[in-house]
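Contents: one structure, followed by commentary.
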Amino acid sequence: MRAVVSPAARKPAAAAAAAAAAALNGSCARSIAGPVGQRQQHWQRGREWPSGSACTFPALALLGLAAVAACRGRVLLQEGTQEVVAAAVLAADAHYDTNRLGEARRVLEGALQQCDHADLHWRYARVLYHMNQAKTDKGVTELCKSHARRAVELAPDNFAAHKWAGIALSMAAAVADSFKIRDHFRRAIELNPRDATSHHLLGMWCLSVADLPWYKRRVANLMVDEALTSSYEEALQHFLDAEALDPGFYFDNAKGLATVYERLGDNENHAKWERVCNLWPQDKR
């Protein structure tokens, strides 16, 4: 049964549909530095719709999306998977960008009851991550991981799914998960080389591994078949790549550069990036 939308709701619904059509056809290849926090903006940049993604919605199909209506934060969903997913994505992103994580969660849960879609699963994982950053609820942590994993299963060529799978695994990672985290970030970069945040995340992985004391590295290598290794040079390259793609996009990337240059004994560049960090506005760190 189709959702009934009143005449008064059709005008905003049509405007929302037009916005969705534009977004899903390329204008969403922008950063999402939403109110959830500037320090988190590198993980909010997952809304691009790459050509290899399993999520492709032609603009013409969305022009009839009368199911999106201003109804106290709820979304009326038409029949058909594309309409359900498109409406849920539009509403969930709007809630997420304004820090209404509970509303975003409810929208995505409702949509997931109707269809099993990668772009719903990784967004749900993203919301759960931000709702449980203190990692105090193990149940939520595991739920976050399972939805991120499902997103990759459904759309192995969706870079955002891989990025969030890596992030979700990093919430409570075993030694064996370290390689999975690295591989997810690498795959995200392969699928979308221009995503600065994926480069930053892989740089952080390289830095954390390079920082491991020798005895911890030795214990880790006894637990897995592959040697757990990386270098400050690798970390530096990824941080530089991220900065080149989107200069000044994230405080922690600048901090990572300062840290790596210090580890490498490059005092001049270390001092340069320390100055950058010191001048960074406190509310955007």
Is the NZ or CZ atom of R123 positioned over Y96's six-membered ring, under 6.0 angstrom from the centre and within 45° of the axis?
no
Decide yes or no for I189 and H162: does some side-chain heavy atom of the first lie under 4.5 Å from some side-chain heavy atom of the second?
no
Taking every heavy atom of A111 against every heavy atom of L120, the minimum-distance pair comes out as CB-CD1, 3.8 Å
Output yes when a side-chain donor or acceptor of R217 lies under 3.5 Å from a complementary backbone atom of A227, and no otherwise.
no
Quick test of your reading of the model: are R106 and E109 salt-bridged, counting only N-O distances below 4.0 Å?
no
Report the distance from atom CZ of F159 to atom OG1 of T197, rounding to the nearest 0.5 Å.
6.5 Å
Rounded at 0.5 Å granularity, tell me how far NE2 in H95 sits from CG in L108.
9.0 Å
Please evaluate residues L264 and E233 with respect to the criterion side chain to side chain contact (heavy atoms under 4.5 Å, CB included), reporting the C-alpha separation (whole Å), side-chain torsions for both, the decisive distance (0.1 Å), and the verdict.
CA-CA 8 Å; L264 291 171; E233 288 81 5; 3.4 Å; yes
Trace of the side chain to side chain contact (heavy atoms under 4.5 Å, CB included) decision for T136 with N132:
CA-CA 7 Å; T136 55; N132 190 41; 3.7 Å; yes
Chi angles and distances behind the side chain to side chain contact (heavy atoms under 4.5 Å, CB included) call for L112, H147
CA-CA 10 Å; L112 282 166; H147 279 276; 3.9 Å; yes
Hey, are the side chains of L201 and W205 touching, using non-hydrogen atoms and a 4.5 Å cut-off?
no
L169 side, atom CG; K180 side, atom NZ - distance, nearest 0.5 Å:
7.0 Å
Is E234 salt-bridged to R182, going by a charged N under 4.0 Å from an acidic O?
no
Pairwise side-chain contact, L191 with N158, heavy-atom cut-off 4.5 Å (strictly under):
no
Check: S178 and L228 side chains under 4.5 Å, non-hydrogen atoms
yes
Under 4.5 Å between any side-chain heavy atoms of H184 and R187, yes or no?
no
Give the minimum heavy-atom separation between F251 and W280, together with the two atoms involved.
N-CZ2, 3.4 Å
Nearest 0.5 Å, what's the CG-CG distance between L202 and D241?
9.5 Å
Is it the case that one hydrophobic cluster holds both L245 and M204, taking links as side-chain heavy atoms less than 4.5 Å apart, direct or via other members?
no
How far apart are the closest heavy atoms of A210 and S231, and which atoms are they?
CB-C, 3.8 Å
Looking only at heavy atoms, the pair that brings A235 and G203 closest together is CB-O, 3.6 Å
Can you tell me how far CG of N267 sits from CD of E274, rounded to the nearest 0.5 angstrom?
11.5 Å
Just wondering, more than 12 heavy atoms not from N278 lying within 6.0 Å of its CG?
yes
Group every Ile, Leu, Val, Met, Phe, Trp and Tyr by side-chain heavy-atom contacts under 4.5 Å, then state whether I181 and M223 land in the same group.
yes
Would you say the side-chain atoms of H199 pair up with the backbone N or O of Q237, donor to acceptor, closer than 3.5 Å?
no
Given the side-chain rings of H200 and F239, with only the six-membered ring counted for Trp, is the space between their centroids under 6.0 Å?
yes
Under 4.5 Å between any side-chain heavy atoms of H121 and D116, yes or no?
yes
Could you state the interatomic distance from CZ (R105) to CG (L128), rounded to the nearest 0.5 Å?
5.0 Å
Under a 4.5 Å side-chain heavy-atom rule over Ile, Leu, Val, Met, Phe, Trp and Tyr, are L143 and V152 clustered together?
no
Close side-chain approach of L257 and K272, heavy atoms under 4.5 Å:
no
Student check: side-chain heavy atoms of W273 and E243 closer than 4.5 Å:
yes
Under 3.5 Å, side chain of K145 to main-chain N/O of A172, donor-acceptor pair present?
yes
So which atom in V276 and which in A254 form the shortest heavy-atom distance, rounded to 0.1 Å?
CG1-CB, 4.2 Å
Measure across C115 and V84 and return the closest heavy-atom pair with its distance rounded to 0.1 Å.
SG-CG1, 3.7 Å
Give a yes or no on whether F179 and L222 share a hydrophobic cluster (residues Ile, Leu, Val, Met, Phe, Trp, Tyr; joining criterion: side-chain heavy atoms under 4.5 Å apart).
no
